Amino acid sequence: MNKRLAAFIGTLVLAAAPAAAFAFAPPAAIDPAVNKAVRELLENMRYREQTAATFKQGANALPQMLLRAYAQRIDADPKLTLDQKKAELAKVSKDIPKQVEAAEKALANPKLLDDAVDALVPIYASKFTLAELNELNAFNRRPVAVKLRSTMPEVTKEANTVVQTLLRERVLSLMPKLPPPPQAAQAPKAK
């Protein structure tokens, strides 16, 4: 598999789950009740669905990302002429669909999500007591929690739009005022 493709898949995996989950330190014995409660919490939080959606989004963006990465690498090669660069880009562009297919296959493998959940159990188990996990699960079963989860994508989208607008306004207000463009020299008036 291409190194860039492998790096991209690794980035997706790390973005979808806490990096500490992949330290793979030998897990301490976890109380079966805690194990069950953590798995219920992850299920209630729709971890698998959200992670799978993140992987799918990444895979959808992959063709353009690969093309840009290849184009930058090829363009930066001082040994290649312009014609050679065009030929090389055309050649690697033909491989992109195969690379995307391989990435999609790797990301769609249910074992990846199983492994991620298995890796997350000890992390949650180390941060929450059984009583706290049970409390979180009780909350997650309440209608308000279900509503919160179902409306979060829309709320997040709207909130991001508002924050982007605020940031744009603040950044623009910090930028120094640009001087007016110089006026073109006027031709002398005819007498």
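In what follows, residues are counted from 1 in the order of the sequence shown. Every value quoted in this text rests on a predicted model; they were computed, and no experiment measured them.
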Can you tell whether the side chains of Asp114 and Lys111 come within less than 4.0 Å, N to carboxylate O?
no

Is the shortest heavy-atom distance from the side chain of Asp95 to the side chain of Lys98 under 4.5 Å?
yes

Decide yes or no for Arg39 and Asn35: does some side-chain heavy atom of the first lie under 4.5 Å from some side-chain heavy atom of the second?
yes

Quick one: closest heavy-atom pair of Ala52 and Leu113, and the distance?
CB-CD1, 4.2 Å

Qualifying residues under side chain to side chain contact (heavy atoms under 4.5 Å, CB included), relative to Lys36, sequence neighbours excluded
none

Does the side chain of Asn140 pick up a donor-acceptor pair with the side chain of Arg149 at under 3.5 Å?
yes

In Å, rounded to the nearest 0.5 Å, how long is the span from CZ of Phe128 to CG of Asn134?
12.5 Å

Test item: Thr51 side-chain N/O and Arg48 main-chain N/O as donor-acceptor pair under 3.5 Å
no

Do you know the tightest heavy-atom contact between Ala106 and Leu112?
O-CD2, 4.0 Å

One should read off an interatomic distance between Glu154 CD and Thr151 OG1, to the nearest 0.5 angstrom, of 7.5 Å

Which value, rounded to the nearest 0.5 Å, describes the distance between Met45 atom CE and Tyr124 atom OH?
3.5 Å

For atom CD of Gln84, decide whether the heavy atoms of other residues, nucleotides or ligands shown that lie under 6.0 angstrom number more than 12.
yes

Ignoring hydrogens and angles, tell me if any N or O in the side chain of Glu43 forms a donor-acceptor pair with the backbone of Glu40 under 3.5 Å.
no

To the nearest 0.5 Å, how far apart are CD in Glu169 and OG1 in Thr165?
6.5 Å

Do the charged groups of Arg68 and Asp75 touch, with an N to O distance under 4.0 Å?
no

Using the side-chain contact (heavy atoms from CB on, under 4.5 Å) rule, take Leu89 and Lys85 through it: C-alpha gap first, then chi angles, then the decisive distance, then the call.
CA-CA 6 Å; Leu89 186 59; Lys85 288 178 181 184; over 6 Å; no

Smallest separation among heavy atoms of Pro63 and Val100, with atom names
CG-CG2, 3.8 Å

Single-linkage hydrophobic cluster, 4.5 Å side-chain cutoff, Leu67 and Val92 together
yes

Heavy-atom closest pair, residues Leu130 and Ala33:
CD1-O, 3.6 Å

Nearest heavy-atom neighbours spanning Pro153 and Ser150:
CD-O, 3.7 Å

Evaluate the side-chain proximity of Phe139 to Asn44: yes if any heavy-atom separation is below 4.5 Å, no if none is.
no

At what distance, to the nearest 0.5 angstrom, does CG of Leu42 lie from CG of Asp118?
10.0 Å

Would you say Glu101 has more than 12 foreign heavy atoms packed within less than 6.0 Å of its CD?
no

Quick one: do the Asn137 and Arg141 side chains pair a donor with an acceptor below 3.5 Å?
no

Strictly below 4.0 Å, N to O, side chains only: are Asp77 and Arg73 in salt-bridge contact?
no

How close do Val34 and Ala125 get, counting heavy atoms only, and between which atoms?
CG1-CB, 3.6 Å

Can you tell me how far apart CD (Glu88) and OG (Ser93) are? Round to the nearest 0.5 Å.
9.5 Å

Check the pair Leu41, Tyr47 against side-chain contact (heavy atoms from CB on, under 4.5 Å), reporting the backbone distance first and the verdict last.
CA-CA 9 Å; Leu41 179 63; Tyr47 173 79; over 6 Å; no

Return yes if some donor-acceptor pair links the side-chain N/O of Glu132 with the main-chain N/O of Thr129 below 3.5 Å, else return no.
yes

